[in-house]
Amino acid sequence: MTRRPPDPPSTGTVYADVVLPLALARTYTYQVPEEFVGQLQAGLRVEVQFSKNKHYAGIIRRLHGTAPGFKTKPILSVIDVEPLLTERQLELWEWMADYYCCTLGEVMTAGLPSHLKMASETIITLGPMFSDDITELDEDEYLIVEALTLQSELSLKDIRDILQRKTVYPVIRGLLDRHVIFPKEEFSDRYKPLEVKCVRFGPKYRTEAERISAFDLVSRSEKQTAVLLEYLDVSRKQPYVRRADLSKRTGASDAVIKALVKKDIFEFYDHEVSRLGGAEANARAGALSREQQEALGAVRGCHAAGKPALIHGVTGSGKTRVYLELMLEEIDAGRQVLYLLPEIALTGQITKRLQQVLGDKILVYHSRLNNMERVEIWKAVLSGEKSVVGPRSALFLPFTKLGLVVVDEEHDPSYKQQEPSPRYNGRDVAMYLAHQHGARSILGSATPSLESWENARSEKYGLVTMRERYGGTALPEMTVANSRETDDKGMHHPFFTPTLIENIRATIERGEQVILFQNRRGFAPVYFCPTCEWSVQCVNCDVTLTYHKYQHRLRCHCCGYVTSPPEHCPACGEVQLKLSGTGTEKIEDELKIFLPEARIARMDLDTTRGKNALGQLLQQFEVGELDILVGTQMVTKGLDFDRVGLVGVISADQLLRFPDFRADERAFQLMLQVAGRAGRRERQGKVIIQAHEESHPVLTDVLAADYENFIQREADNRRAHAFPPYRKMIRIQLRHPRRPTAEEGAKLMGKWLAYALGDLVEGPFEPSIARLRTYYLQDIVLRLPPHVAELKRVKDIIQRATDKLATTKGLSGVRVVVDVDPY
DNA sequence: AGCACGCCGACT
DNA sequence: GTCGGCGTGCTC
């Protein structure tokens, strides 16, 4: 990257405004010692002391000659030679801090890989690759390495003592760069290849004839014959056969399989399940369809007119193919591309496909990367050579030649960071980023959000529509099943209609797969006493605990609190406690009763928590080791499988009843997205939605796959009730461990805001979950006409009110959380 | 965010 | 008489 000329040292001392990785509102001004004057510029990291004993790696925001009206501390050392951040990134940080009402330090904390944010407490250890190349080390470095071989870990503070000098960061940085030492956390995060224990025919049984002869060898054993047959059956469908699977399916013990190995018929081996990365660039895949060709032209048209393009393309229309074409163009022209996806979709086939076509030109920025890999990507992006596919955090990478930004699944709520600050929406920040770089941008979805649709309607974005599924596959047949439906004996099941069960059965019999969607995890969300109606509440939050049958535990889905179910009701002593409500676990459980033969798996937060659990689950489903996948929202995202013949929505009512102004939009998106998982290639898929309220207008639109009708009506509703996107919404949440204090603070805050803003202020009121993680909550909501100048004024008012509250006796402990566009 | 300073209750 | 509770204010 080109070096910016250092700011000219004006008369006298030079000062540097430094951003610190703390939740501080402003930058802090340090004095630049004479010796550093020539080498400093914005974006470099420097070591500074902050308060008594703390040293941090801060980032220079700007250099100037204006002496502040207080004594300044000196910059202790310069960590980087070249800036680690670009001017644009610093501007982006400032914009985010400003727009989302948070501090620069909070943006910095979110935006820098922790490896680059050293502080005095950082613990370092000796790297595993260190091969006593002591000759390479200078005296200071040698001292550190020697200390580490004796003590294994040291804090930066220790190192300062060892070296007997104040400035140790440059030395540390040098060692880090050469991978001699590591910040400690990295070891916990080392990845290993995913391997599964498998069986295959031994070397003597490679040919068909040899294999047939194997049957003679085992003819005396019924079990071994069965295993052999099963093996042949499974191996026809899957590229590898798991040892555990084989015994499970045949009911044969592991000893039976071992016996076959002993006879040299089988052998064990570890099958390495493919991981992302290391792909070779292929030729461009297949030709564009006519519609894709047209869409491509339309997107180019938008870009030529300087507008972002919103692609509304039904699932399977091949939006990715269109993105790819444009991405290739940018990359060929030597520019960078940022392709954003919701986190979960990153595990899917899309990343693989991008890497197949773009090879090592594109890097996957994944939440599972370790620190070192993150820093490597950071540097590669800074050099302008690599493009990136990643979740919203990839927005913080130091792009220098950004030419195109793609936001796929732009409607997805997980683009919005909820906690902690900065509470930003990745899609919106992406648009700002593109604008900042003068880059083109594309938003894509099968169900565009109302905000984006409205932007297209008002011609801020260009709209590109793709209506056909690539290859002409028909859209799935969608039907609704009344939840009250009974079977031929007049029996009614609380969560499976006969229609759904019959269809599941038929689908599996055809050798196809089923996805069932239930938007709630666990077994039952309420554990209660039928006598006195007492129910188990979370100790930290104002919610009931969800029963998880598999672990026989009660869990809080807000804070993670776990406890054992009580033996009897503590209020009245009743011993027969009951469960109510339905989660994915229960669906899975009940389904096993109906379909004991089916291979069922569950996909929710609980089953995908482990490192490779999600990938493993998807892999299993992909190769056909599973018949039914029961899951939460997760199953609506990024799943792209050919053999899904049926998608079932267990309860549409549950989605539509949600008390939020976006409930309808969310429900519509979720249902249409999950429906899109059905029948992707030759075959038409089927979707069955169970509901009590069959004629709900949202359901009617879902069944007709009528986005236009839905979004038009939704827009009218929102406009009529003054909701976003026709109003700017800001939520101000006040939190305190004591309810009266939270209430008092909120009342006061509400009064001040109402004084300045009148009836734009609603509340304070208690949110539906009144206590969260031991804090009592109070909300104040502002709904403003969407004018930018107005917004600045409002944010100043909020800031002043927050400051005022912080200096009010007795209420200074009330935390104020501002959430801009809180949806 | 961390941390020191400071002003009110149960202890060696 | 002190130790320590956390409420308050500051860090260039």
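Atom C1' of nucleotide dA1(B) and atom CZ of Arg26(A) are separated by 14 Å, given to the nearest angstrom. Atom-to-atom, CZ of Phe50(A) to C1' of dA1(B) comes out at 9 Å; the value is rounded to the nearest Å. The interatomic distance linking Tyr28(A) (OH) with dG2(B) (C1') rounds to 12 Å, in whole Å. As a whole-Å value, the separation of Met108(A) CE from dA1(B) P is 16 Å.
The nucleotide range of DNA chain C contacted by chain A, defined by atoms under 4.0 angstrom from heavy atoms of the protein and reported 5' to 3', is dT8(C) to dC12(C).
Projected onto DNA chain B by closest heavy-atom contact, Glu106(A) and Lys52(A) fall at different nucleotides, the more 5' of which corresponds to Glu106(A).
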Verdict with supporting geometry, Gln537(A) and Ser535(A), side-chain hydrogen bond (donor to acceptor under 3.5 Å, both in side chains): CA-CA 6 Å; Gln537(A) 304 285 126; Ser535(A) 66; 3.2 Å; yes

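Classification of Asp161(A) and Lys157(A) as a salt-bridged pair fails, no side-chain N sitting under 4.0 Å from a carboxylate O. Salt-bridge check for Asp821(A) with Lys728(A): passed, with a basic side-chain N closer than 4.0 Å to an acidic carboxylate O. Salt-bridge annotation for Arg731(A) and Asp819(A): present, with a side-chain N of the basic residue lying under 4.0 Å from a carboxylate O of the acidic one. Under a 4.0 Å N-O distance rule, the pair Arg800(A)/Asp796(A) does not qualify as a salt bridge. Note on Arg392(A) versus Glu343(A): no salt bridge recorded, every NZ/NE/NH1/NH2 to OD/OE distance being 4.0 Å or above.
Nucleic acid contact for Leu24(A): base, since at least one base atom lies under 4.0 Å from a heavy atom of the residue. No engagement by Arg61(A) is indicated, since no non-hydrogen atom pair under 4.0 Å with the nucleic acid exists. At the heavy-atom level, Gly105(A) lies nowhere under 4.0 Å from the strands shown. Within 4.0 Å of Gln31(A), counting heavy atoms only, lies no atom of the nucleic acid at all. Heavy atoms of Ser812(A) sit under 4.0 angstrom from primed sugar atoms or phosphate atoms, though from no base atom.
Under the rule for a ring pair (Phe, Tyr, Trp, His ring centres under 6.0 Å), Phe36(A) has no partner lying at least two apart in sequence or in another chain.
Between Tyr169(A) and His55(A), the ring-plane angle classifies as parallel under the 30° and 60° cut-offs.
The shortest side-chain heavy-atom distance between Glu744(A) and Leu811(A) falls under the 4.5 Å cut-off.
Residues of residues 70-79 of chain A having a heavy atom closer than 4.0 Å to DNA chain C, listed by number: Phe70(A), Lys71(A), Thr72(A), Lys73(A).
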